[in-house]
Structure formats: structure tokens, C-alpha cells
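Written below as C-alpha cells is the structure these notes are about.
Residue numbers start at 1 and run along the sequence shown. No experiment lies behind these values; they were computed from the predicted model shown.
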Amino acid sequence: MRQSPLLEEISLLRFDVIRHGSLDVLTTMPALHTLRIKEYSSHACDFLDHLLLPSLRTLDLLQDIGLKSFREDLSSIFPVLRELCARSQCNLTHLGWIKRFRNLCYPIAVSDETCLELLAFLQIRSLQDLSSLSLGEGITNLVFRRLTWDPNTEINDQLLPNLTTLNVSSSYTSDGVLSSMITSRWNRSRLKEAHRPATLVHVRLRQVELAVRRSHRDKAAYVELPLTSNDYHRLVMSDLVEQGLDIEFE
């Protein structure tokens, strides 16, 4: 990478073992605007710790999780990303954090600890221009409630004021939580000008999961939410489509 300082886009498929001594110095890539990492791990964290990316705009993280790896601490990447953005003084416009659960009939709910780390990352200065956010799978009420725009809260205390594109895959929420968040960022007529976020332009929803109780020998891996339907969610989404919001269902 040091021999390719003009690279603008990198996709890294997997981290195995990083050669000893290869990360002794900070590597600056002034032109890199897009970084995609699949199968991140502690090796990926070590790699990111030694990068300086002042032009970074798009960051995508993809993690496949199977039966043997679902206990892995997914939150460890966020402190590293906070330091990367602070060090690089970059301004992201797109963030994707996608987890795919392989060989499971339903997604595992992301732990509260991981959700809080994600929310802390979304609050940093480098993400205040973020216009596109992709999340999945297993994101719970905690994240979507915090992303809900509150007209009674000062704009400086809200998250992602410039969000216009939202992609949610297999969320794990109670009925009405996700739809309320989307509505809060679409219907702006009741808000004062100083408190208005950017309006959503495109929403993509894939397989919104019902929040159901699951039993498993490792109960700590699951967040138990009340049994619910998603009738209200469907009703609100249909109404928003009629109002003109571009919603893509999968």
C-alpha cells in the first residue's frame, strides 16, 4: 500500500496473519476515499491502527457470523474506527455495518454493549455529514430509538442530521420502533426550521424480524424482547409510500 499512494478505493476480503514489522509505521493514503473490509478481526484492528486516510468518505464493514463465531466481540472495531477518523480528520458520507448470520434460521440480536459502541461512533465529528447508513443484521430497539429525531431535543444532541438514505437488513425490533424512526425523519412540517433534519429520500428494508423470545443454552447471546407483531410497522410503511417516500422492500 505504501507503494500505491494514489489508490482511491480498496476492498479487503480477509485478514489472516499480518507479517511482523509490517505495521511499524503509520501509512498515509491521501487519495483513498473508499474502504471496504470483509471478515474483520483483531488483525483488521491492528491494520486500521496504522492508517491515515484524510480523504475517506465511504466505509463498509461486512462480517459473516456462523454458529462457532457468534460470541465474538463485535464492538471491538468501533474504538479503532473512532481513533482512525480522529487521526485522519476525515468526513464520512456513507457507513455500512453489515453482519450476516450464516447457518442460522434467524439473526442473533446484537448485544446492548455493541449497540452502545455503535451509537458512540455515530456521534463523532467525522460522521456529522453522513448521508447514507446501512445496518444489519440483528440491530435492536436501542439503536433505532436513539436515531429517532426528537423535535424537543436540541439539534446538536441528535444523531446524523444529514441522513437521507437508510438501508436496514433483518432488524430485531419491537413493532413501531423502526417505523417511528423513519417517520421522524420524513414528516418535517411540524418542526421548527432550526430543528429540522435532512429528509429521508430512499429507504431499503429487508426482512424486518419480529422481536420474539428465543431459548438457547447461551442466553447471553440474545436480547429478549416482548412478543409482538409487525402490523403497525406495515401500516406506517404503506402510508409513507403513499406520501411519496421511496421505500424498497426485499
Side-chain angles (χ1 to χ4, degrees), residues 1 7-18 23 27 29 32-66 68-88 90-102 104 107-140 142-144 146-147 159-160 163 165-172 204-207:
M1 292 176 62
L7 275 176
E8 296 184 357
E9 182 174 340
I10 294 178
S11 295
L12 301 170
L13 299 181
R14 185 173 180 176
F15 288 86
D16 288 319
V17 177
I18 297 177
L23 297 180
T27 298
M29 305 196 71
L32 189 75
H33 57 73
T34 299
L35 176 61
R36 297 185 176 93
I37 297 177
K38 180 180 179 181
E39 299 292 337
Y40 61 85
S41 63
S42 59
H43 296 304
C45 292
D46 291 339
F47 173 76
L48 294 172
D49 272 336
H50 291 78
L51 289 182
L52 187 64
L53 308 175
S55 298
L56 187 64
R57 296 293 180 267
T58 295
L59 176 61
D60 278 309
L61 304 169
L62 175 62
Q63 181 78 326
D64 282 332
I65 302 172
K68 294 182 179 180
S69 60
F70 74 89
R71 295 180 182 85
E72 183 177 354
D73 182 10
L74 299 177
S75 65
S76 61
I77 192 73
F78 292 116
V80 175
L81 293 176
R82 289 200 300 269
E83 293 177 7
L84 169 66
C85 291
R87 182 170 61 249
S88 302
C90 56
N91 292 301
L92 298 184
T93 57
H94 168 79
L95 172 67
W97 188 52
I98 304 298
K99 302 159 303 306
R100 297 187 304 199
F101 294 91
R102 294 179 286 106
L104 295 174
I108 299 171
V110 173
S111 70
D112 285 351
E113 178 185 2
T114 299
C115 287
L116 289 172
E117 285 287 356
L118 169 62
L119 290 171
F121 180 55
L122 294 179
Q123 295 179 55
I124 68 173
R125 181 184 297 273
S126 291
L127 269 70
Q128 297 317 297
D129 291 333
L130 199 78
S131 60
S132 174
L133 177 65
S134 296
L135 296 173
E137 300 173 353
I139 299 296
T140 65
L142 184 62
V143 171
F144 293 119
R146 184 65 181 87
L147 288 174
L159 294 182
L160 308 184
L163 187 66
T165 300
L166 177 67
N167 181 357
V168 177
S169 175
S170 297
S171 64
Y172 200 84
R204 182 181 181 186
L205 300 176
R206 176 181 177 270
Q207 192 179 349

Worksheet entry | Between H94 and T58: side-chain donor-acceptor atoms closer than 3.5 Å | no

Fill in: Side-chain heavy-atom pair L62, W97 within 4.5 angstrom cut-off
no

Discussion item. Show, in sequence, the C-alpha distance, side-chain angles and deciding distance for I10 and M29, and conclude whether the side-chain contact (heavy atoms from CB on, under 4.5 Å) test is met.
Written reply: CA-CA 11 Å; I10 294 178; M29 305 196 71; 4.0 Å; yes

Worksheet entry | Separation between CG of D112 and CD of E117, rounded to the nearest 0.5 Å | 12.0 Å

Worksheet item: Which heavy atom in S88 sits nearest to a heavy atom in L53, and how many Å separate them?
Response: OG-N, 2.8 Å

Worksheet entry | Rounded distance [0.5 Å steps], SG in C85 versus CG in L92 | 4.5 Å

Discussion item. Enumerate the salt bridge (Lys or Arg N to Asp or Glu O under 4.0 Å) contacts for residues 120-136, please, sequence neighbours excluded, ordered by first and then second residue.
Written reply: none

Practice prompt. Report yes if some heavy atom in the side chain of F121 is under 4.5 Å from a heavy atom in the side chain of L95; otherwise report no.
Written response: yes

Worksheet item: Heavy-atom distance under 4.5 Å between the side chains of L81 and L59, does that happen here?
Response: yes

Worksheet item: Under 4.0 Å between a Lys/Arg side-chain N and an Asp/Glu carboxylate O for R57 and E8?
Response: no

Worksheet item: What heavy-atom pair brings L160 and L127 nearest, and what distance separates the two atoms?
Response: CD2-O, 3.7 Å

Fill in: Contact summary for I77 and C45, nearest pair of heavy atoms
CD1-SG, 3.8 Å

Fill in: Chi angles and distances behind the side-chain contact (heavy atoms from CB on, under 4.5 Å) call for V168, R204
CA-CA 6 Å; V168 177; R204 182 181 181 186; over 6 Å; no

Item to complete: Considering non-hydrogen atoms only, spot the tightest contact between L51 and L84 and give its length.
Response: O-CD1, 3.5 Å

Worksheet entry | Sequence-distant partners of R36, salt bridge (charged side-chain N to carboxylate O under 4.0 Å, His left out), two or more places apart | E9, D60

Worksheet item: Of the non-hydrogen atoms in T93 and L130, which two are nearest, and what is the gap between them?
Response: C-CD1, 3.5 Å

Item to complete: Look up atom NE2 in H50 and atom OG1 in T27, then write down how far apart they are to the nearest 0.5 Å.
Response: 8.5 Å

Practice prompt. State the OG-CG distance between S134 and N167, to the nearest 0.5 angstrom.
Written response: 4.0 Å

Worksheet item: Would a 4.5 Å heavy-atom cut-off, applied to side chains only, mark T140 and C115 as touching?
Response: yes

Item to complete: With rounding to the nearest 0.5 Å, note down the distance linking CZ in F78 to CG in L118.
Response: 4.5 Å

Item to complete: Mind running side-chain contact (heavy atoms from CB on, under 4.5 Å) on L133 and L135 for me, showing each step along the way?
Response: CA-CA 7 Å; L133 177 65; L135 296 173; 3.9 Å; yes

Worksheet item: Is there a side-chain contact (heavy atoms from CB on, under 4.5 Å) between I37 and L48 once you walk through the steps?
Response: CA-CA 10 Å; I37 297 177; L48 294 172; 3.9 Å; yes

Item to complete: First locate atom CZ of R82, then atom CZ of R87, and finally report the distance between them rounded to the nearest 0.5 Å.
Response: 13.0 Å

Worksheet item: Are any of the side-chain heavy atoms of L35 and L12 separated by less than 4.5 Å?
Response: yes

